[in-house]
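Scope of the values below: all heavy atoms of this structure, side chains included, with no hydrogens, waters or symmetry mates. Indexing begins at 1, ligand by ligand and atom by atom, following the structure's order.
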Amino acid sequence: MLKDFLAQIKPYLSNIPSYVFEKLETPDRAVEVSFIVKIQERETVLKGYRIQHNNVHGPYKGGIRFSPFVSKEEVNYLAFWMSIKTAVANVPFGGGKGGVIVDTKKLTQEEIEAVSRAYIRAIADIIGPTKDVPAPDMYTNPQIMKWMMDEYSKIVGKPTPAVITGKPIKSGGSQGRIEATGLGGFYILESLVRDYNLKDVKIAVQGFGNAGYHFAKFAQEAGFTIVAVSDSQGGVYSENGLDIDKVKEYKTSTGSVINTPDYQHISNKDLLTLNVTVLVPAAKEDVITEENAANIRARYIIELANGPITLDADTMLEQKGTVIVPDVLANSGGVTVSYFEWYQNMHNEVWSKDTVFNKLKDYITNAYNGVVHTAKEHDVSLRKGAYIVAVKRIADKMLTNNG
Ligand code: GLU
């Protein structure tokens, strides 16, 4: 429950009135839609959501997820986390999230396009460059963002690139957006290595989608040893380190990392409990739970996925002394570069990749330092530190607006 997240930090923010916490437990608006798309020659009714959690700092912001497991409850959590994330990252947005209950693995490209356009028609009234700005999330990508932007532009009668971020570069997307979540996580890794003076760092990455792959690639290029990666079908392991390009090529040609030549097979479950320095869950929610938390051997966890550790598991790991860089900070590189993309669209600017990477480094390092500082000040975990930073920032604005 969202309430439980907020209850953990309430004692540290006793000067903030209770109604602020109460407001954050419930989104500003939760929209449920249904629409018809022709799938395999049959008219099919699909269901989706757009949940707008909070916009005191700017337009609602957050991705759209296509997955058979999407539920209103899940999107609600994700929208709340986006409000916290944009506040931690200090970008002028609020939080929102969208989702469609659909299994894209079973659809043709034409069908995915039809779903994307129909979903945007269903939510067109509530989105817009200064209202709510969606982006990619699980199983959505730049091409899908382009279709969505195009559909929205048709509806409003003018090209409107700033309605959505994560677009292909030639359609108004930003340099560096595709790498952003992984690169942001990598900058966090560099900060951890510096602050804790880590040596001979071995890393396991669960998830080899956009975030996991780019993180692994940047880390390997910087000389870190990635001993394991996985996708939904399973993983590969090599004590001396994997060649990330080779694994990527294998996944591109076969659809999965499993069976990449020369490497050992490892299950997703076993990957999590490997004896590594840093564990990077980069796949999905709730993979570290009460059941396996006691077996986690990594001393450091960078949450590249949203919500990979349940609250109970988080408490167990905290007691063990595991240092966890929470999702709302660790994966904020994505939304930070989304902000850069939106800014470039709004001001008709085009930035170089170097500019984007340097600005991202500044933003994420500042966010990290702010969270570390607050966590030290209150003697709490980095997760609680991040929530304290975010809720304080949101509350300040809410109180000024209401005062
Ligand atoms: N879906 C990403 C996230 O969870 C990116 C959101 C965005 O760029 O708006 O942070």
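At a heavy-atom cutoff of 4.0 Å, ligand 1 is contacted by the side chain of N306 but not by its backbone.
In this structure, I288 and L279 approach most closely via the heavy-atom pair CD1-CD2, 4.0 Å.
Salt-bridge annotation for K202 and E239: absent, with no side-chain N of the basic residue lying under 4.0 Å from a carboxylate O of the acidic one. Classification of D231 and K251 as a salt-bridged pair holds, one side-chain N sitting under 4.0 Å from a carboxylate O. Comment: K3 does not engage E22 in a salt bridge, judged by the lack of any side-chain N to carboxylate O separation of less than 4.0 angstrom.
Scanning all protein heavy atoms for the shortest distance to atom 9 (O) of ligand 1 gives K61 NZ, 2.8 Å. In this structure, atom 7 (C) of ligand 1 lies nearest to the protein heavy atom A135 CB, 3.3 Å. In this structure, atom 5 (C) of ligand 1 lies nearest to the protein heavy atom R177 NH2, 3.5 Å. Distance from atom 8 (O) of ligand 1 to its nearest protein heavy atom, with residue and atom name: S338 OG, 2.5 Å.
Here atom 2 (C) of ligand 1 lies nearest to P136 when heavy atoms of G334, P136, G62 are compared.
Less than 4.0 angstrom separates some heavy atom of M82 from each of these atoms of ligand 1: 3 (C), 4 (O), 6 (C), 10 (O). Close contacts of ligand 1 with D137, meaning ligand atoms under 4.0 Å from a residue heavy atom, involve 1 (N), 2 (C), 4 (O). Atoms of ligand 1 found under 4.0 Å from any heavy atom of K97 (numbered from 1 in listed order, with element): 1 (N), 3 (C), 4 (O). Those atoms of ligand 1 with a heavy atom of K85 less than 4.0 angstrom away are 3 (C), 4 (O), 10 (O).
If you look at Y237 and Y263, their ring centroids are not closer than 6.0 Å.
Y77 does not carry K97 over the face of its six-membered ring by the limits of under 6.0 Å from the centre and within 45° of the normal. The cationic atom of K131 (NZ for Lys, CZ for Arg) does not lie both less than 6.0 Å from the six-membered ring centre of Y60 and within 45° of the ring axis.
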